[in-house]
Participant: 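Here it is: the structure, laid out below.
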Amino acid sequence: MTKAKRAKQPKAPKPRLPRGLQDIDSKPFTQQINMVSQLASLCEAHGFCALDTPALEYADVLGKFLPDAERPNEGVFALLDDDEQWLSLRYDLTAPLARYVAAHYDQLPKPFRRYQWGWVWRNEKPGLGRFRQFMQFDVDTVGASGAQADVEMCMLAADFMEALGIARGDYLLRVNNRKILDGILLSLGLDPDDAAYEMRRLTILRAMDKLDRLGMDAIRLLLGAGRKDESGDFTEGAGLGAAAIDKIVDFLQTDDKDRQAVLNRLGTHAQDKGKGAELVKIGLHELALMDELLTQLGYGAERVLFDPSIVRGLDYYTGPVFEMSLNMSSAKSQTGDAARVGAIGGGGRYDGLVARFKGVAIPATGISIGINRLMAAREAMGAMTEAEQEAGKARLVVVLVMDKTRLGDMLALVQQLRKAGIQAELYMGDGGMKAQLRYADIKGAALALIEGEDELAKGVITIKDLALGRQKAAEIADNAEWRASQHAQQQVKKEALIAMIQQKLQIN
RNA sequence: GCAGCCUUAGCUCAGUUGGUUAGAGCGCUUGAUUGUGGAUCAAGAGGUCCCCCGUUCGAACCGGGGAGGCUGUACCA
């Protein structure tokens, strides 16, 4: 566009995208569809039902983050409807599930087991592997209080990873119990009636949650006076005394290599008298039940481990909590970024969520997988299922248009190819032969078919092997030799065309 | 939110300690060689130097404000 023309339309919008949102083009989108359908069929095999719910819900139904007029978009994306009611884009799939269960409780089978995937939105600062729109895949069992339901979630999470080609040992589901965490806090001697207790509890839990990322020394600082990060910014600590810090640090040790070892070690924290130790004891008992089932079913500590530093979100979890992480050491981390993808999923037991609507507590447990993060991590790890390798191969055949009076014949040829199970398209543009081959190249097609004057006269079709041609090009630097190299193509009789294409596609 | 750094072509970046017409590589378009993509050669298109205000004879460059981005940190249902 010339400058003069530009001046006439000065307000041409830039084709920009809001931060934290992304286009997903052909290859990753196809991969995403494949991943979701693999997980969905696993869920179906377990007897979970599919469910879909709308992206928009009433803000008060989603709970917390209720928008106010001044800051309607704090944390969530919200908008005021015509009737002056606040709507929010869902920020997870669990709150809508609670709404759905409460609304249809009478008709649903109890326990109600459903799986669901969809986009969710969070209005937060995006970062590495964090977006403002991302896809979650959730599986939940509502109305089951026993450890078997939690254990099923753990096993399913592990099965998910393996179904997606992530090798055993490259993923780890770490499990903790909120009752243990709350019990430990109580036994620190903090007074729950103290006005500052809740703040302090959050600060401590948040500090514990950071063990993975910051290391134990930083955790000591965060539990005590506070910590200064590398930009010089200061984070206020919990202000605990040395004895309390030591107790927590001891609790957090994560050297244990199997689940029984964790249970034994944490058992020492259950021996004191008092409410705190009592809670710890209950939590440990729940974990012990899970361990028993997991062990019987062959899910060892290399897949599902107990880890006292797992906290997960602070709000609705009431019992076991899970977090799925990947061992990225096998990743080809060119930049080092790949190694820090963070948790790719999590979940736990939330016995209070449906009670918001029904008044009676309905126990529930579930997991949630972050599809986008998982996809990025798999890419870095080079995890590929056979189906994906198959799908990633060049299969497309592009038929060129050499003579526009013969479009009908060409379309018929393409149809014939498709009937034979060959992925094929006719060039739809206006370009000449050069443009058409460039099109086939950019599409990553395997073959191009040419039926021009010469071929028509001879009753043949030219098959051009694009991949082979590219490979030859890489070896040639001289123009004359290039011209002599004859384009990696061959002519076949029309009757033999389909058989030849099928043969060529197999070899590729 | 807080802190630090950054913003020049589609991308990655040069640039003049303030001086007229702002550059490179890659990419893109067109052409040559073949009815033929990818190699090679040639030509071309593409810029409000993030935006606004100020200082100055003169600002991409200096000052102020704003926006956007990156990194760390906080929050993360």
Participant: Using atom CZ of A/Phe131 as one end and atom C1' of B/C76 as the other, report the distance to the nearest whole Å.
Facilitator: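 Result: 16 Å.
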
Participant: Looking at A/Lys210 and B/U73, is any side-chain donor or acceptor paired with a base atom of the opposite kind under 3.5 Å?
Facilitator: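 In this structure, the two groups form no donor-acceptor pair.
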
Participant: Checking all strands, does A/Leu93 fall into the base, sugar-phosphate, or nothing category for heavy-atom contacts under 4.0 angstrom?
Facilitator: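 Result for A/Leu93 = nothing.
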
Participant: When the P atoms of B/A60 and B/C75 are considered, how many whole Å apart are they?
Facilitator: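 Their P atoms lie roughly 44 Å apart.
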
Participant: Whole-Å distance between B/A77 P and A/Leu97 CG?
Facilitator: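 That distance rounds to 17 Å.
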
Participant: Does A/Tyr316 lie flat on the base of B/A77, that is, centres under 5.5 Å apart and planes under 30° off?
Facilitator: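 Check failed, A/Tyr316 does not stack on base of B/A77.
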
Participant: Take atom C1' in B/G54 and the same atom in B/A77, then report the distance between them in whole Å.
Facilitator: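 Approximately 47 Å lies between the C1' atom of B/G54 and that of B/A77.
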
Participant: For the side chain of A/Glu455 and the base of B/G35, is some donor closer than 3.5 Å to an acceptor across the two?
Facilitator: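 A donor-acceptor contact between them is present.
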
Participant: In this structure, how many angstroms lie between the P atom of B/G37 and the CZ atom of A/Arg470, rounded?
Facilitator: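 Roughly 13 Å, once rounded to whole Å.
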
Participant: If the threshold is 4.0 Å, N to carboxylate O, is there a salt bridge linking A/Arg122 and A/Asp92?
Facilitator: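 A salt bridge is absent here (no side-chain N lies under 4.0 Å from a carboxylate O).
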
Participant: Please state whether the rings of A/Phe137 and A/Tyr115 are parallel, tilted or perpendicular, taking 30° and 60° as the class boundaries.
Facilitator: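 It falls in the parallel class, under 30°.
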
Participant: Where the side chain of A/Leu466 is concerned, which of B/A77, B/G37, B/G72 is the nearest nucleotide?
Facilitator: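 Closest nucleotide to the A/Leu466 side chain: B/G37.
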
Participant: Expressed in whole Å, how much space separates the C1' atoms belonging to B/G19 and B/C61?
Facilitator: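 Approximately 12 Å lies between the C1' atom of B/G19 and that of B/C61.
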
Participant: With C1' as the reference atom in both, quote the distance from B/C41 to B/U7 in angstrom, rounded to an integer.
Facilitator: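 Result for the C1' pair: 37 Å, nearest Å.
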
Participant: Using Watson-Crick or G-U wobble geometry with both distances below 3.5 Å, tell me the partner of B/A3, or none.
Facilitator: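 Per the H-bond distance test, B/U71.
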
Participant: Whom does B/U17 pair with, Watson-Crick or G-U wobble, provided both distances fall under 3.5 Å?
Facilitator: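 Partner of B/U17: none found under 3.5 Å.
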
Participant: Pick the C1' atom in B/C13 and in B/C6, then give their distance to the nearest Å.
Facilitator: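 So the two C1' atoms sit 14 Å from each other.
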
Participant: What integer number of Å spans the C1' atoms of B/G18 and B/A22?
Facilitator: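 B/G18 and B/A22 have their C1' atoms separated by 15 Å.
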
Participant: Tell me which one of A/Leu181, A/Asn177, A/Asn176 satisfies side chain to side chain contact (heavy atoms under 4.5 Å, CB included) with A/Lys179.
Facilitator: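 Between A/Lys179 and the candidates, side chain to side chain contact (heavy atoms under 4.5 Å, CB included) is satisfied uniquely by A/Asn177.
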
Participant: Taking the side chain of A/Arg206 as heavy atoms from C-beta outward, which of B/C76, B/G35, B/G37 is closest to it?
Facilitator: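 From the listed options, B/C76 comes nearest.
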
Participant: Rounded off to whole Å, could you give me the CG-to-P distance for the A/Leu353 and B/A77 pair?
Facilitator: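 Distance check: A/Leu353 CG to B/A77 P gives 13 Å.
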
Participant: Which whole number of Å gives the distance between the C1' atom of B/A59 and that of B/C49?
Facilitator: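 Taking atom C1' in both B/A59 and B/C49, they lie 11 Å apart.
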
Participant: Please confirm whether the backbone N or O of A/Thr53 pairs with a side-chain atom of A/Arg90, one donor and one acceptor, at under 3.5 Å?
Facilitator: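 Here the side-chain-to-backbone pair exists.
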
Participant: How close or far is atom P of B/A39 from atom CG of A/Leu437, stated in whole angstroms?
Facilitator: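 The answer, rounded to whole Å, is 14 Å.
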
Participant: Does the B/G31 base have a donor-acceptor partner in the side chain of A/Lys434 within less than 3.5 Å?
Facilitator: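 No such pair is found, so the answer is no.
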
Participant: Is the distance between the ring centroids of A/Tyr316 and A/Tyr350 under 6.0 Å?
Facilitator: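 Judged by ring-centre distance (under 6.0 Å), A/Tyr350 and A/Tyr316 do meet the cut-off.
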
Participant: Both distances under 3.5 Å, Watson-Crick or G-U wobble: report the partner of B/A43, or none.
Facilitator: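 With both distances under 3.5 Å, B/A43 matches B/U29.
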
Participant: Using whole Å, what does the distance between atom P of nucleotide B/G35 and atom CG of A/Leu456 come to?
Facilitator: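 The distance from CG of A/Leu456 to P of B/G35 comes to 18 Å, rounded to the nearest Å.
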
Participant: Rounding to an integer number of Å, can you tell me how far A/Phe322 CZ sits from B/A77 C1'?
Facilitator: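 Rounded to whole Å, this separation is 17 Å.
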
Participant: B/C50 pairs with which nucleotide, Watson-Crick or G-U wobble, both distances below 3.5 Å?
Facilitator: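 Base partner found: B/G66.
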
Participant: Report the distance from atom CD of A/Glu236 to atom P of B/A74, rounded to the nearest whole Å.
Facilitator: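 Going from A/Glu236 (CD) to B/A74 (P), I get 13 Å.
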
Participant: May I ask you to check whether over 12 heavy atoms, not counting those of A/Glu453, lie within 6.0 Å of atom CD?
Facilitator: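 No, not enclosed.
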
Participant: Testing the basics here: between A/Leu466 and A/Leu447, what is the closest heavy-atom pair and its distance to 0.1 Å?
Facilitator: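 Minimum heavy-atom contact is CD1-C, 4.0 Å.
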
Participant: For the pair A/Gln436 (side chain) and A/Gly431 (backbone), establish whether a donor and an acceptor sit closer than 3.5 Å, ignoring hydrogens and angles.
Facilitator: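 Yes: the side chain of A/Gln436 pairs with the backbone of A/Gly431.
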
Participant: Taking pairing as Watson-Crick or G-U wobble with both contacts under 3.5 Å, can you name the mate of B/A9, or confirm there isn't one?
Facilitator: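 Paired with no nucleotide.
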
Participant: Using a cut-off of less than 4.0 Å, is there contact between a side-chain N or O of A/Arg213 and OP1 or OP2 of B/U73?
Facilitator: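 Answer is yes, contact under 4.0 Å.
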
Participant: Distances under 3.5 Å only, N/O to N/O: pair up the protein atoms with those of nucleotides 26-30 of chain B.
Facilitator:
unit_1	atom_1	unit_2	atom_2	d
B/U30	OP2	A/Arg438	NH2	3.2

Participant: Taking atom C1' in both B/C76 and B/C5, what distance in whole Å separates the two?
Facilitator: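 Per the computed distance, 25 Å lies between those C1' atoms.
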
